[in-house]
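One structure below.
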Amino acid sequence: MEKALSQILHECTPERVILFAEKRTLTNDKLKSLSFCIVVPSCEDKNALMQRLYLAIDSNVSINLTLYTHDEWTVLLEDPSSYAAWIGRRGRVIYEPTT
């Protein structure tokens with residue numbers, strides 16, 4: 001997880017990174033995948049940023065990314081039925097810049 005986070009931080013300057021899912025095998029509890037939500041201040045081309053992020057992350061497990069801008073995240077958190085609100089409730093913030 002730390003390696004993937006470092007690679008995310010190398011590609012963009014998020015205001016928050018949330019780990020919201022870790023999947024493991026039932027038989028030996030081996031990690032199979034990680035899911036991150038990345039909130040960036042703004043982004044003109046989210047598809048290009050997502051592509052850069054996926055290409056930058058070198059991992060032995062499957063990595064899933066969800067990307068929101070600050071404004072999208074703020075609006076979606078107000079709707080308790082949104083995916084962003086679910087991530088906010090379920091996830092764990094693993095990165096926020098220090099002020």
Side-chain angles (χ1 to χ4, degrees):
M1 174 181 60
E2 291 82 15
K3 182 179 174 185
L5 176 59
S6 175
Q7 292 165 337
I8 290 168
L9 296 176
H10 187 273
E11 286 302 313
C12 67
T13 309
E15 43 183 63
R16 179 175 299 135
V17 178
I18 301 167
L19 176 66
F20 66 93
E22 290 182 73
K23 294 191 180 175
R24 298 183 175 272
T25 61
L26 292 175
T27 54
N28 63 5
D29 201 40
K30 184 177 176 182
L31 185 63
K32 289 177 22 178
S33 71
L34 295 168
S35 296
F36 297 98
C37 174
I38 303 165
V39 182
V40 294
S42 63
C43 185
E44 289 187 26
D45 189 346
K46 285 175 55 177
N47 287 332
L49 178 55
M50 285 288 280
Q51 184 177 24
R52 281 197 341 262
L53 287 165
Y54 273 114
L55 291 172
I57 297 173
D58 179 26
S59 177
N60 293 332
V61 299
S62 176
I63 301 290
N64 302 300
L65 302 175
T66 302
L67 178 66
Y68 293 106
T69 64
H70 172 86
D71 290 344
E72 290 170 333
W73 180 253
T74 302
V75 169
L76 289 169
L77 282 182
E78 294 175 7
D79 177 359
S81 66
S82 73
Y83 189 49
W86 180 84
I87 290 170
R89 288 189 302 273
R90 187 173 189 325
R92 175 172 53 102
V93 175
I94 60 170
Y95 173 80
E96 279 185 304
T98 55
T99 56

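These numbers come from a predicted model, not from an experiment. All residue numbers refer to positions in the sequence shown, counting from 1.
- Taken together through direct or relayed side-chain contacts under 4.5 Å among Ile, Leu, Val, Met, Phe, Trp and Tyr, V93 and L65 form parts of separate hydrophobic clusters.
- Annotation: N60, atom CG; neighbour count of heavy atoms from other residues, nucleotides and ligands within 6.0 Å does not exceed 12.
- Looking at R24 and L31, their side chains come closer than 4.5 Å, going by heavy atoms from C-beta outward.
- Residues C37 and I87 share a closest heavy-atom pair of CB-CG2, 3.8 Å.
- The backbone N or O of K30 lies less than 3.5 Å from a partner atom in the side chain of T25, making a donor-acceptor pair.
- Counting only distance, with no hydrogens or angles, the side chain of T74 and the backbone of H70 share a donor-acceptor pair below 3.5 Å.
- Residues L5 and F20 do not share a hydrophobic cluster, clusters being chains of Ile/Leu/Val/Met/Phe/Trp/Tyr side chains in contact below 4.5 Å.
- Here CD of E72 is found 7.5 Å from CG of L67. Values are rounded to the nearest 0.5 Å.
- In this pair, Y68 and W73 present their aromatic rings tilted. The plane angle is within the 30 to 60° band.
- L76 and M50 end up in different hydrophobic clusters when Ile, Leu, Val, Met, Phe, Trp and Tyr side chains are linked at under 4.5 Å.
- Hydrophobic clustering of Ile, Leu, Val, Met, Phe, Trp and Tyr side chains at less than 4.5 Å, counting indirect connections, keeps W86 apart from F36.
- In terms of heavy-atom proximity, I63 sits nearest to Y54 at O-CE2, 3.3 Å.
- Counting all heavy atoms, side chain and backbone alike, S82 lies closest to L77 at OG-N, 4.5 Å.
- Contact detail for E11 and R52: the closest heavy-atom pair is O-NH2, 3.2 Å.
- Considering only heavy atoms from C-beta on, N64 comes within 4.5 Å of S33 through its side chain.
- By the 4.5 Å heavy-atom criterion applied to side chains, L49 and I38 are not counted as neighbours.
- Cluster note: V75 groups with no other residue, as no ILVMFWY side-chain heavy atom lies under 4.5 Å from it.
- Across L53 and C12, no two heavy atoms sit closer than the pair CD2-SG, 4.1 Å.
- Counting non-hydrogen atoms of neighbouring residues, nucleotides and ligands closer than 6.0 angstrom, the CD atom of Q51 reaches no more than 12 such neighbours.
- In plain terms, the two heavy atoms of M1 and L19 that are nearest each other are SD-CD2, 3.3 Å.
- Between I8 and Y95, every side-chain heavy-atom pair lies at or beyond the 4.5 Å cut-off.
- When the shell of 6.0 Å around NZ of K23 is examined, it contains 12 or fewer heavy atoms from other residues, nucleotides or ligands.
- Between the CG atom in L55 and the CD atom in Q7 there is a gap of 11.5 Å [rounded to 0.5 Å].
- By the rule that hydrophobic residues join a cluster once side-chain heavy atoms approach within less than 4.5 Å of another member, I57 and V40 end up as members of one cluster.
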